Amino acid sequence: MDRRDFLKRNLQLIALGLMPGNFLSSCTTRKTIHLGALLATSHALAQDGKGTVFSLYDLDRDSLKELPLSLETGHTAIVHPKRKNILFVPESAGDKACVIDLDQWRVIREVRANPGRVFGGHGDFNQDGSLLYVSEFEPPPSGKGFLTVLNGSDFTKIRSMPSRGKYPHDVTLNRNGKILCISNLGVETGPHVKHSGIHISRFLLPEERFLDRVELNDNYREMSSEIGRAHV
């Protein structure tokens, strides 16, 4: 299934009422230099018909600015922790990302996923912004996942490692920046799956050493005490 088929299939599910209508909207954030700003990417076509739209909505002034992006499936805007005017906007299940400068209001760089892979759609900077961790995976049927490290200044690739799961999506660091978690988007199948097929892998930073992998159970009544503790 290619990206356009993926989008078409999800639009059909929305039309049938089997998926929330806002599923294809971006995750949003307000942690920018623009206080009270809501950032969102969209799958709506830009006016030129060649890309999609990134929006900045100023909640205080009730004003909207839109910027065309050369993305098909832009997913989220990841804000640099030190240079809060800089955003990294990756596609989900696409091989392209854009770096946006809010002050200049333009795309200052385009970034590609590693050859043979697509972005999972999310990422997170380390505390000083020197590194950006993003999810990548091989297209179906493989789905093999990777955690890729980018330079936080010029967004060049530094290294990549297996995420220990298929179709990784969300990436987040804990509050002290020592533990990185990466969870999968597509449900894994196979003899190792015991519950939901949704797994979270944990890495110790700054060593980027794999710690463990936890499978989430979507039925809390079936949780063992061990799995329950893993959720906390």
Side-chain angles (χ1 to χ4, degrees), residues 26-33 39 75-102 108-138 142-186 188 192 198-216 226-227 229-232:
S26 162
C27 301
T28 58
T29 183
R30 296 174 58 182
K31 298 177 182 178
T32 71
I33 196 170
L39 309 175
H75 190 66
T76 190
I78 306 165
V79 183
H80 196 287
K82 300 296 184 182
R83 302 158 61 201
K84 294 187 181 295
N85 60 309
I86 300 298
L87 310 176
F88 182 81
V89 182
E91 290 186 311
S92 180
D95 67 349
K96 188 185 293 184
C98 289
V99 180
I100 299 173
D101 187 321
L102 293 180
I108 59 174
R109 186 170 290 107
E110 291 186 354
V111 180
R112 292 281 184 174
N114 280 288
R117 303 180 196 169
V118 294
F119 286 115
H122 283 263
D124 205 357
F125 286 93
N126 64 351
Q127 290 184 316
D128 65 7
S130 61
L131 300 175
L132 172 61
Y133 296 92
V134 298
S135 55
E136 291 185 336
F137 59 84
E138 295 177 356
S142 167
K144 183 178 180 181
F146 297 88
L147 176 64
T148 294
V149 188
L150 305 180
N151 184 298
S153 297
D154 60 15
F155 299 94
T156 54
K157 300 178 185 69
I158 297 176
R159 52 188 168 271
S160 188
M161 65 207 76
S163 69
R164 308 298 181 102
K166 291 187 176 182
Y167 304 106
H169 184 61
D170 291 290
V171 180
T172 188
L173 276 68
N174 71 341
R175 184 169 297 179
N176 65 16
K178 299 297 184 182
I179 302 294
L180 180 145
C181 294
I182 180 168
S183 63
N184 62 338
L185 173 64
E188 294 187 30
H192 63 289
I198 301 297
H199 294 85
I200 294 177
S201 297
R202 301 194 312 148
F203 291 81
L204 178 66
L205 301 181
E207 299 92 331
E208 296 163 6
R209 176 169 59 86
F210 174 71
L211 292 175
D212 54 24
R213 201 172 86 127
V214 178
E215 182 182 358
L216 300 186
E226 181 179 357
I227 295 176
R229 285 196 298 272
H231 278 69
V232 176

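All figures in this text were calculated on a predicted structure; none of them were measured in a lab.
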Would you say Val149 and Met161 make side-chain contact, with heavy atoms under 4.5 Å? yes
Do you see a donor-acceptor pair shorter than 3.5 Å between the side chains of Tyr167 and Glu188? no
Minimum side-chain heavy-atom gap Glu136-Asn114 below 4.5 Å: yes
State, to 0.1 Å, how close Leu173 and Asn126 come at their nearest heavy-atom pair, and which atoms those are. CD2-CA, 3.8 Å
Interatomic distance, Leu150 atom CG to Leu132 atom CG [nearest 0.5 angstrom]: 5.0 Å
Nearest 0.5 Å, please: how far is CG in Leu185 from CG in Asp170? 8.0 Å
Of all the heavy-atom pairs spanning Arg109 and Phe155, show the shortest one and how long it is. NH1-CD1, 3.9 Å
Between Pro168 and Ser163, the two heavy atoms sitting closest are CG-OG, 3.8 Å
Within-4.5 Å side-chain heavy-atom neighbours: Ile78 and Pro90: yes
Closest heavy-atom pair, Lys84 versus Val79, reported as atoms and distance to 0.1 Å, is O-CG1, 3.9 Å
Search all heavy atoms of Arg213 against all heavy atoms of Gly165 and return the closest pair with its distance. NH1-CA, 3.4 Å
Quick one, Leu211 and Ile179 - any side-chain contact, counting heavy atoms below 4.5 Å? yes
If you define the side chain from C-beta out and look only at heavy atoms, does anything of Leu131 sit under 4.5 Å from Arg159? yes
Less than 6.0 angstrom separating the ring centers of Phe137 and Phe146, yes or no? no
Check the pair Ile86 / Val99 against side chain to side chain contact (heavy atoms under 4.5 Å, CB included), numbers first and verdict last. CA-CA 7 Å; Ile86 300 298; Val99 180; 3.8 Å; yes
Taking Ile108's backbone N and O only, do any of them form a donor-acceptor pair with Asp101's side chain (distance below 3.5 Å, no angle check)? no
Answer whether the closest heavy-atom distance between the side chains of Leu216 and Ile200 falls below 4.5 Å. yes
Just verifying a value: how many Å separate Leu180 CG and Arg209 CZ, rounded to the nearest 0.5 Å? 13.5 Å
Give the C-alpha distance, both sets of side-chain angles, the deciding distance and a yes or no for side chain to side chain contact (heavy atoms under 4.5 Å, CB included) between His192 and His199. CA-CA 11 Å; His192 63 289; His199 294 85; 4.1 Å; yes
Salt-bridge test for Lys166 and Glu138: reply yes if a basic N is under 4.0 Å from a carboxylate O, no otherwise. no
Rounded to the nearest 0.5 Å, how far apart are OG of Ser130 and NZ of Lys82? 10.0 Å
Name the orientation class of the two ring planes belonging to His122 and His169 (parallel below 30°, tilted from 30 to 60°, perpendicular beyond 60°). perpendicular
Just do the side chain to side chain contact (heavy atoms under 4.5 Å, CB included) check on Val89 and Leu39 with the steps written out, would you? CA-CA 10 Å; Val89 182; Leu39 309 175; over 6 Å; no
Mind checking whether Phe88 and His80 have ring centres under 6.0 Å apart? no
With Arg117, which of Ser142, Ser135, Ser160 fulfils side chain to side chain donor-acceptor pair (under 3.5 Å)? Ser160
Can the positive tip of Arg164 be found less than 6.0 Å from the middle of the six-membered ring of Phe210, inside 45° of the ring normal? yes
Has Thr172 got a side-chain atom pairing as donor or acceptor with Cys181's backbone, closer than 3.5 angstrom? no
Could you tell me which non-hydrogen atom of Phe203 sits nearest to which non-hydrogen atom of Glu208, and how far apart they are? CD2-O, 3.8 Å
Begin from the C-alpha positions of Glu110 and Lys96 and carry the test side chain to side chain contact (heavy atoms under 4.5 Å, CB included) through to its verdict. CA-CA 7 Å; Glu110 291 186 354; Lys96 188 185 293 184; 4.2 Å; yes
Beyond-backbone contact of Leu205 with Gln127, side-chain heavy atoms, under 4.5 angstrom: no
What do you reckon, is NZ of Lys157 surrounded by more than 12 foreign heavy atoms closer than 6.0 Å? yes
